Asker: 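Once you've had a glance at the structure underneath, I'll fire off some questions.
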Amino acid sequence: MIYLHKILPLFVMPIATLVVLLFLCIYFNKKKVAYLVLIVFYTISTPFFSDYFIKLVEGDFIPSQIESINQVDAIVVLSGMLRIEEFGDTYKVEWLDADRFFGGISLYKARKSNKIIFTGGKAPFNRTKLSEGAILKEYAISYGVNAEDILVTKDVLNTFEESRAVSEVLDQNKNIILVTSAFHMKRAKTLFEQRGFNVTAYKVDYKSPQKIKFNLINVLPSAHSLSKTELGLRELLGRFYYSLF
């Protein structure tokens, strides 16, 4: 099921869709449709479109104020910020985005909980011996978190498995602060609430600016903007996928 969830979006992402549609237009000699496809592709590749689109997915840009958050039973930090490359018995870590990690550390140091949970994330198509959570635990200790205050879940492959794994190390009906990227929060919060947790959302890693300005640069297409559009599409597909179950 995990592979179905990861593979299916590839066939509806803009680039794959563009290639298929252009081949069909060429085959059936539909020049007007081809022009329309190119216009749509151009539009969704502009910063102006991608910023508005990802902002729709993320919700309002309202950074959480730590001082206004109540104490909870645990701080839960979701995986998805590291790339782990293993070379025999050694490994190299590259940070894709550190906001989730440092968000969790900041909450811990603000004494919002004396327990911090890292999920044992692993990439479905690039399994490693070490999980992301195991590595983050070592980083957290180096940043002053007490080792006995850190829990790492079993290995997980997606957000659904993260919610289940956390429920296995933390009783239901517990109050948690959930730390994840803004675009990912709505789906993650829903899954954890379905497990019986009382969730306080702590959004980090906003992809959209607080204010979107219209200028010449914002209407020029870029690979980064297309990537941001695809990120939003993947998240919406993920929400739809989990709504079916």
Side-chain angles (χ1 to χ4, degrees), residues 58-59 62-84 91-123 127-207 235:
E58 291 180 330
I62 306 176
S64 300
Q65 301 298 318
I66 290 182
E67 59 271 16
S68 66
I69 297 176
N70 295 326
Q71 290 186 330
V72 295
D73 298 300
I75 300 161
V76 178
V77 181
L78 300 189
S79 297
M81 66 193 95
L82 298 181
R83 185 171 68 194
I84 306 168
Y91 66 90
K92 178 182 178 181
V93 172
E94 292 188 356
W95 288 86
L96 302 176
D97 199 305
D99 289 354
R100 299 185 190 188
F101 174 77
F102 286 109
I105 297 298
S106 297
L107 289 163
Y108 174 85
K109 292 196 170 184
R111 299 183 178 181
K112 297 306 175 180
S113 179
N114 61 358
K115 189 187 300 295
I116 185 166
I117 301 175
F118 294 109
T119 57
K122 288 192 174 183
R127 302 291 183 89
T128 54
K129 296 176 183 177
L130 288 170
S131 73
E132 189 168 316
I135 293 174
L136 291 175
K137 178 179 179 178
E138 298 305 315
Y139 277 113
I141 293 172
S142 71
Y143 275 90
V145 179
N146 293 326
E148 59 269 22
D149 293 342
I150 304 172
L151 294 175
V152 178
T153 72
K154 67 181 183 182
D155 294 352
V156 293
L157 299 177
N158 58 20
T159 312
F160 175 82
E161 291 188 2
E162 286 181 305
S163 66
R164 182 173 58 191
V166 171
S167 70
E168 293 173 357
V169 299
L170 193 66
D171 294 335
Q172 292 183 350
N173 299 318
K174 293 291 188 179
N175 298 315
I176 66 170
I177 300 173
L178 186 63
V179 184
T180 191
S181 300
F183 72 88
H184 183 236
M185 181 59 76
K186 183 175 181 178
R187 174 162 55 106
K189 185 172 184 289
T190 298
L191 288 171
F192 275 82
E193 287 175 339
Q194 289 173 351
R195 293 285 177 185
F197 292 110
N198 301 311
V199 179
T200 297
Y202 190 81
K203 293 182 181 181
V204 295
D205 182 29
Y206 282 88
K207 305 298 183 185
E235 179 58 27

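Sequential numbering from 1 along the given sequence is applied to the chain's residues. Computed from a prediction, not measured in an experiment: that's the story for all the values here.
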Asker: Give the minimum heavy-atom separation between Ser106 and Ile66, together with the two atoms involved.
Answerer: CB-CD1, 3.7 Å
Asker: Quick one: does NZ or CZ of Arg195 land under 6.0 Å from the six-membered ring centre of Phe160, within 45 degrees of the ring axis?
Answerer: yes
Asker: Which distance, rounded to the nearest 0.5 Å, do you find between the CG of Asp205 and the CZ of Phe101?
Answerer: 15.0 Å
Asker: Is any side-chain heavy atom of Tyr202 less than 4.5 Å from a side-chain heavy atom of Leu178?
Answerer: no
Asker: Taking all non-hydrogen atoms of both residues into account, name the closest pair between Asp97 and Met81 and its distance.
Answerer: O-CB, 2.7 Å
Asker: Answer whether the closest heavy-atom distance between the side chains of Ile135 and Leu130 falls below 4.5 Å.
Answerer: yes
Asker: Measuring from Asn158:CG to Leu191:CG, what's the distance to the nearest 0.5 Å?
Answerer: 8.5 Å
Asker: Nearest 0.5 Å, please: how far is NZ in Lys186 from CD in Glu58?
Answerer: 13.0 Å
Asker: Identify the residue among Thr153, Thr119, Thr180 that makes a side chain to side chain donor-acceptor pair (under 3.5 Å) with Ser79.
Answerer: Thr119
Asker: Between Lys122 and Glu132, does any NZ, NE, NH1 or NH2 come within less than 4.0 Å of an OD or OE carboxylate oxygen?
Answerer: no
Asker: Could you check whether any side-chain heavy atom of Ile150 comes within less than 4.5 Å of a side-chain heavy atom of Ile141, counting everything from C-beta outward?
Answerer: yes
Asker: Look only at the side chain of Gln71 and the backbone of Arg111, and say whether a donor-acceptor pair between them is shorter than 3.5 Å.
Answerer: yes
Asker: Closest approach of Ala134 and Val152, non-hydrogen atoms and distance?
Answerer: N-CG1, 3.8 Å
Asker: I would like to know whether Val169 and Ile117 meet side chain to side chain contact (heavy atoms under 4.5 Å, CB included); could you show each step before the answer?
Answerer: CA-CA 9 Å; Val169 299; Ile117 301 175; 4.2 Å; yes
Asker: Hey, are the side chains of Leu170 and Phe197 touching, using non-hydrogen atoms and a 4.5 Å cut-off?
Answerer: yes
Asker: Between Arg164 and Glu162, does any NZ, NE, NH1 or NH2 come within less than 4.0 Å of an OD or OE carboxylate oxygen?
Answerer: no
Asker: Just how far is it from atom OG1 of Thr159 to atom CG of Leu78, taken to the nearest 0.5 Å?
Answerer: 6.5 Å
Asker: Could you check whether the rings of Tyr143 and Phe102 sit parallel, tilted or perpendicular, using 30° and 60° as the cut-offs?
Answerer: perpendicular
Asker: Carefully, step by step, assess Val77 and Ile116 under the rule side chain to side chain contact (heavy atoms under 4.5 Å, CB included).
Answerer: CA-CA 7 Å; Val77 181; Ile116 185 166; 4.2 Å; yes
Asker: Does Leu151 reach the side chain of Phe118, with side-chain heavy atoms less than 4.5 Å apart?
Answerer: no
Asker: For the pair Lys115 and Asp149, find out whether any cationic side-chain nitrogen is under 4.0 Å from an anionic carboxylate oxygen.
Answerer: no
Asker: May I ask you to decide if Ile69's main-chain N or O and Lys112's side chain share a donor-acceptor pair within less than 3.5 Å?
Answerer: yes
Asker: Drop me the distance from Ile75's CD1 to Ile105's CD1, to the nearest 0.5 angstrom.
Answerer: 8.5 Å
Asker: Roughly how far apart are Tyr139 OH and Leu82 CG, rounded to 0.5 Å?
Answerer: 7.0 Å
Asker: Which heavy-atom pair separates Lys154 from Ala165 by the least distance, and what is that distance?
Answerer: CG-CB, 4.1 Å
Asker: Is the count of non-hydrogen atoms from other residues, nucleotides or ligands lying under 6.0 Å from Lys207 atom NZ greater than 12?
Answerer: yes
Asker: With side chains defined as the heavy atoms from C-beta onward, is the minimum distance between Tyr206 and Val204 less than 4.5 Å?
Answerer: no
Asker: For residues Asp99 and Ser181, determine if any side-chain heavy atom of one lies less than 4.5 Å from a side-chain heavy atom of the other.
Answerer: no
